[in-house]
Protein chains: 2
Amino acid sequence: MSPFQPFGRLSTMASSAERGTRERIIAVAEESLGDRGYHGTRLHVIAERVGIQKASLFHYFASKADLYHAVLGEGVVESEQAIRRVLESKASPAEKLRALLESYVDMVATHPARTKILLRQSLGDVPNESTAEPERLLGLVAGFVSDGQKAGVFAPLDPLALALGVIGMVAFFFTSTTVLAPGWHDATDTERIKRHVVEMVERCLKVGDRAKADRPCAVRA
Amino acid sequence: MSPFQPFGRLSTMASSAERGTRERIIAVAEESLGDRGYHGTRLHVIAERVGIQKASLFHYFASKADLYHAVLGEGVVESEQAIRRVLESKASPAEKLRALLESYVDMVATHPARTKILLRQSLGDVPNESTAEPERLLGLVAGFVSDGQKAGVFAPLDPLALALGVIGMVAFFFTSTTVLAPGWHDATDTERIKRHVVEMVERCLKVGDRAKADRPCAVRA
DNA sequence: GTCTATATAGGGATAGAC
DNA sequence: GTCTATCCCTATATAGAC
């Protein structure tokens, strides 16, 4: 669940209380980092919400930046797992495409804070000058699209630009409606958004101008 | 150029130095607000870059938040002008669509900082709880798409979702490549991005499956 | 492992001379 | 209109008792 914790974790684990507290801190921090950004996040607020004193945070994390990176870790790992699960399945390219999109929308819907952090990260909102690593996941997806195009299943269109665009589109869409178009969607509208995104991308890649009919069950995340 | 300045501006204008300084402050602030966000922006840095003392900023702006809003103003006004210019032209819907997209991409390309601020705004990165006003401009564009759909020129697709998606896609695209895919585009690649975006949206609205051939010169921003 | 108390620094904002 | 100097608050981080 938390692959980014130090190796010594298992051996030095003290009480179950410690583990729980650490994870609650991360959860609360994720929320705040998404809503307020790194610079806008106040440690004393996190402590307050967790129900501990501010000083106690420093027992679990060496610094604010340390806590930030702990939060980042989880999201990346889980996303990569979801992507690989789809790509390594035995579905058709069109099915995989659909599954990737739905899985991504699901992720955004279930982890809005994580999505906001991604957006903020792309804006350079990171501790100091710790450059956000060039995304490996991006290449994974772009490669899949590229392969499909070579095979003639997808229409030509810059794969990297498409992938980036979709990420931005969905992320902005979710986060912005709260502010720019309040009431447009609520928690139950995820399926609607999913359909919208799938429809858009399929039109862009001209999927199913003949193949759309035979679409069985897609891989789920 | 700066429609948000107080009315008394013309009569109280003292020296040309004052005007120049105020505008330079705004320009520098826009840069910083884009790069570091509201909370990450440091007034002393702005002052330093402008070449004045921090205290002098307060001669022009009552507070940091005040400065922030001054920066916001310009962008909104200019964008609205650009949109109206296109929509009120005598072009075909397909041409207007293309012009809107190109004009938007141009805006993002020429004002990257402004775009970042928009993204940050959608994330709620604003002074305190000054809610970002529900975008009027959004309705303008969505209405245009909707009209085109009723007229049968554009394929059915939620107009508001499309508009939001495009905004997010382009914005994220520009700002993120710097971080996530460095070297993917440079300043001269704007045309390439423009073509990409236009192509995507046209496929989504199924423009030009027959009309794409007769496309004269589009309205420029 | 959690607390209280405090160190240290930095940032927004003001006072008042020039 | 710009400066120097400073106030005041808040935020991160540390010290050390329990």
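As the structure is a computational prediction, the values presented were derived from the model and not from experiment. Throughout, a chain's letter reflects where its sequence line sits, starting with A, and its residues are numbered from 1.
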Participant: Rounded to the Å, how far apart are Lys54(A) NZ and dT2(C) P?
Facilitator: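 Going from Lys54(A) (NZ) to dT2(C) (P), I get 17 Å.
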Participant: If I take atom NE2 in residue His44(A) and atom P in nucleotide dT12(D), what distance separates them, rounded to the nearest angstrom?
Facilitator: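 To the nearest whole Å, that distance equals 7 Å.
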Participant: To the nearest Å, give me how far apart CD1 (Ile52(A)) and C1' (dA13(D)) are.
Facilitator: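 From Ile52(A) CD1 to dA13(D) C1': 15 Å.
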Participant: Does the Lys NZ or Arg CZ of Lys64(B) fall within the cation-pi geometry relative to Tyr38(B) - under 6.0 Å from the ring centre and within 45° of the axis?
Facilitator: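 Yes, Lys64(B) sits over the ring of Tyr38(B).
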Participant: Out of dA15(C), dT2(C), dT12(D), which has the shortest distance to the side chain of Lys64(A)?
Facilitator: dT12(D)
Participant: Glu48(A) has an atom CD; how far is it from atom P of dA11(D), in whole Å?
Facilitator: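 Value for this atom pair: 11 Å.
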Participant: Taking the minimum atom-to-atom distance to the side chain of Phe58(A), which one of dG11(C), dT12(D), dA5(D) wins?
Facilitator: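 Selected nucleotide: dT12(D).
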Participant: Output the rounded distance in Å from CD (Gln53(B)) to P (dG16(C)).
Facilitator: 19 Å
Participant: Between Arg36(B) (CZ) and dG12(C) (P), how many Å, whole number?
Facilitator: 12 Å
Participant: Think Thr21(B) has a side-chain N or O under 4.0 angstrom from the OP1 or OP2 of dT2(D)?
Facilitator: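 For dT2(D), OP1 or OP2 has a side-chain N or O of Thr21(B) closer than 4.0 Å.
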Participant: With Ser176(B), which of Leu118(A), Leu119(A), Leu164(A), Leu138(A) fulfils side-chain contact (heavy atoms from CB on, under 4.5 Å)?
Facilitator: Leu164(A)
Participant: Provide, to the nearest angstrom, the distance between the NE2 atom belonging to His39(A) and the P atom belonging to dT12(D).
Facilitator: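 In whole Å, dT12(D) P lies 12 Å from His39(A) NE2.
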Participant: Counting only side-chain nitrogens and oxygens, does His59(A) get under 4.0 Å of the OP1 or OP2 atom of dT2(C)?
Facilitator: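 Indeed not, no polar side-chain atom of His59(A) lies that close.
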Participant: In whole angstrom, what separates Arg42(B)'s CZ from dG10(C)'s P?
Facilitator: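 Answer to the nearest Å: 11 Å.
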Participant: On the nucleotide dG1(D), are OP1 or OP2 found under 4.0 Å from the side-chain N or O atoms that Ser56(B) carries?
Facilitator: no
Participant: Between Ser89(A) and Val86(A) (side chain of the first, backbone of the second, donor and acceptor by atom type, cut-off under 3.5 Å), is there such a pair?
Facilitator: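 Between the backbone of Val86(A) and the side chain of Ser89(A) there is a qualifying donor-acceptor contact (under 3.5 Å).
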Participant: Which residue is it: Ile25(B), Leu43(B), Val71(B)? I am looking for the one with a side-chain contact (heavy atoms from CB on, under 4.5 Å) to Phe61(B).
Facilitator: Ile25(B)
